[in-house]
Protein chains: 2
Amino acid sequence: MDEFSFIRSIEQSNYRQSSLIKGAGDDAAIFRQPYQDIVTSVDTLVENVHFTRETMDPFHIGFRVLAVNISDLAAMGSTPAFYLVSICVPKHWKENELQEIYSGMKSIASQFEMDLIGGDTTSGSELVISVTIIGYVANNKARYRNTAKGEDAVFVTGTLGDAAAGLYVLKENMDMNSRSNKYLINRHRMPSPRVKFATGLAELARVTLNDISDGIASEASEIAEASGVAMHLYYESIPIHKSLLNFRQSEQRKWMLFGGEDFELIGTVPKKDWPDVQKAADKTNTPIALIGYIEENPMYAGSVFLHEKGKKRRLHKLGYNHLK
Amino acid sequence: MDEFSFIRSIEQSNYRQSSLIKGAGDDAAIFRQPYQDIVTSVDTLVENVHFTRETMDPFHIGFRVLAVNISDLAAMGSTPAFYLVSICVPKHWKENELQEIYSGMKSIASQFEMDLIGGDTTSGSELVISVTIIGYVANNKARYRNTAKGEDAVFVTGTLGDAAAGLYVLKENMDMNSRSNKYLINRHRMPSPRVKFATGLAELARVTLNDISDGIASEASEIAEASGVAMHLYYESIPIHKSLLNFRQSEQRKWMLFGGEDFELIGTVPKKDWPDVQKAADKTNTPIALIGYIEENPMYAGSVFLHEKGKKRRLHKLGYNHLK
């Protein structure tokens, strides 16, 4: 089954509620209230599909599932406020392990002043955790994927590839006590959604945002496709953490472009606003880098180009095999 | 593991968001917005735990999971508006069967003018559908379980035991073409949440509501416990559909009191408001019956008494075995 065509087949073509501003199709949905809009999204993690007990303690599973959701709201420029947890639990899970999952969620929830306001506990054959998140954004200040325009500056927060490298360290049973491996593992297990930075851009008139859950190649494509523009990225400008330099260059490259799960933000702003983006990043201690630009060219609408060592080639979201 | 003590162990003791009006512990959570409050809840159905393919077509599975959620909102006096669906799908499910699940949801969603605004599709070993619902209620008009007071009239909508009887008909492979069995099966597969009736009570100052998902014995107990009162019910007043009369009296009794899944509403109002409740029921074509009263007696706070053939005995939520 093709997941994307299936999702298209079940989406509503028209909406009935007049308060709805954004339905399915971005990082979250939005509906209008006086003064502020409500933003909501759901994400699900399944044991042995999205995580295994070998690489994640129950605490990390909880921390991560909520972090993933918070990152969706960050990508909308929204501040998270509430979450609801539906958990399907196999009998072999012990009560204290389940409580550890909730401790992980509560840990990141308290960082963001969020409240757990509901949930459902059922039994089943494998652990499935589904988290719904609800947050706020000032009216008309939500950030979408489809607003990039020609000449925009393209930026990214943090460093890319760390989470994929951290998973590799765990899977290969590498030294977990070295400082750099500890850093990478932590980036995999306990991502830091960029809420403060994203909400710090509220003054700007137009910001396009997407969070990097599936790798920058995929997220850049989503912006290019949704906005109907071409995005140009400079490989040498994509920020990398020094801990990644311990690995083979081919691995570094793969993780940076396609690794995903760093939960950093990729975005675009009009070139003139780039200094303001830098200021917002400084204010919130967010590493940020200018990594490319937007081209409005109908021939290449929806395309992403990677410039590397002076050469330019198409970057496809599905990965290396598909590079032409 | 004791589900109730586990749920208590993970609930937050304090909430951080000042807009939160009701956290976990009722049919749904509520947070404040200007003019209206937002009501939200999540419910999950797991294959072979909550339903089987033998008694439910994919369409019914979808219809029912959303109906269950809508009923939670009805029990808050709230109007549903949006839903998000997280679905975990085993490989053996076919795309057209999944689409049928969504058709079922869309069918009841369109009855209530609701929009599907988000979701997540993952793979797994068994079908798990988790639906988050979001709705509206006028400020301070949400209905809770903990507001019943002495002398209140206790009422219930519809007839009880139908859904359990319908499941029995399906499991025992009884005649599915008789009119009365068709009615019962339909009540099991396609419940009708009482939204119009519940929102039709908005003018009343104080209404206590709970939806009957686990059987009236259990839901009555929840009201009695949350409100710190005793509830008296008259067995002979509990409404029964004529289709139930085809079964043994012991079965009728079991299904009426403990069957559950009828998704009717049980509630209380000050005695003087009972005529207004009847009017609201008439206006929305909702069958309604007066079935008991509330007693404020500290000795029996949290208890439910069943009056039957002139005798009174305690009705425990866990079922017949526990009747003393």
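Both backbone and side-chain heavy atoms feed into the values below; hydrogens, waters and symmetry mates do not. Proteins come first, then strands; the chains are lettered A, B, ... in the order of their sequence lines, and each starts at number 1.
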Could you grab the distance from atom [atom1] of [X] to atom [atom2] of [Y], nearest 0.5 Å is fine?
X	Y	atom1	atom2	result
A/Q36	B/S19	CD	OG	7.5 Å
A/T121	B/F6	OG1	CZ	5.5 Å
A/I10	B/E95	CD1	CD	9.5 Å
A/I129	B/S86	CD1	OG	11.0 Å
A/S130	B/I87	OG	CD1	11.0 Å

Sub-4.5 Å heavy-atom contacts with chain B: which residues of residues 49-71 of chain A show up?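 Answer by number: A/V49, A/H50.
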Just give me the residue among B/A109, B/S123, B/G25, B/A28 that pairs up with chain A most often, heavy atom to heavy atom, under 4.5 Å.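 Most heavy-atom pairs within the cutoff with chain A belong to B/S123.
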Please determine, among B/Q33, B/K22, B/M114, B/K106, the option with the most heavy-atom pairs under 4.5 Å with chain A.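 Of B/Q33, B/K22, B/M114, B/K106, B/Q33 has the most heavy-atom pairs under 4.5 Å with chain A.
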Just by modelled atom types, is the A/S125 backbone N or O under 3.5 Å from a matching donor or acceptor in the B/E126 side chain? yes
Keeping the roles fixed (side chain from B/Q12, backbone from A/L116), state whether a donor-acceptor pair exists under 3.5 Å. yes
Atom group of A/E11 that falls short of 4.5 Å from chain B, counting heavy atoms: backbone
Go through the atoms of A/I7 and report whether side chain, backbone, both or neither lie under 4.5 Å from a heavy atom of chain B. side chain
Highest number of heavy-atom pairs under 4.5 Å with chain B: which of [options]?
options	answer
A/D43, A/N48, A/D120	A/D120
A/T44, A/V46, A/L45	A/T44
A/P34, A/A29, A/G118, A/A24	A/P34

Measure distances from [X] to the heavy atoms of chain A and classify the residue's part below 4.5 Å as side chain, backbone, both or neither.
X	result
B/S103	neither
B/I38	side chain
B/M105	neither
B/S41	backbone
B/Y102	side chain
B/I134	side chain

Toward chain A: residues of residues 72-81 of chain B with heavy atoms under 4.5 Å: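 Those residues of residues 72-81 of chain B which have a heavy atom under 4.5 Å from chain A are B/P80, B/A81.
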Can you name the nearest heavy-atom pair linking B/R16 to A/S110, along with the distance?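 Nearest pair, atom of B/R16 first, then A/S110: NH2-CB, 3.2 Å.
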Heavy-atom check, side chain of A/Q17 versus side chain of B/I117, under 4.5 Å: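 Result no, sub-4.5 Å side-chain heavy-atom pair not found.
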Should the pair A/F31 and B/Y136 be assigned to parallel (<30°), tilted (30 to 60°) or perpendicular (>60°) ring geometry? perpendicular
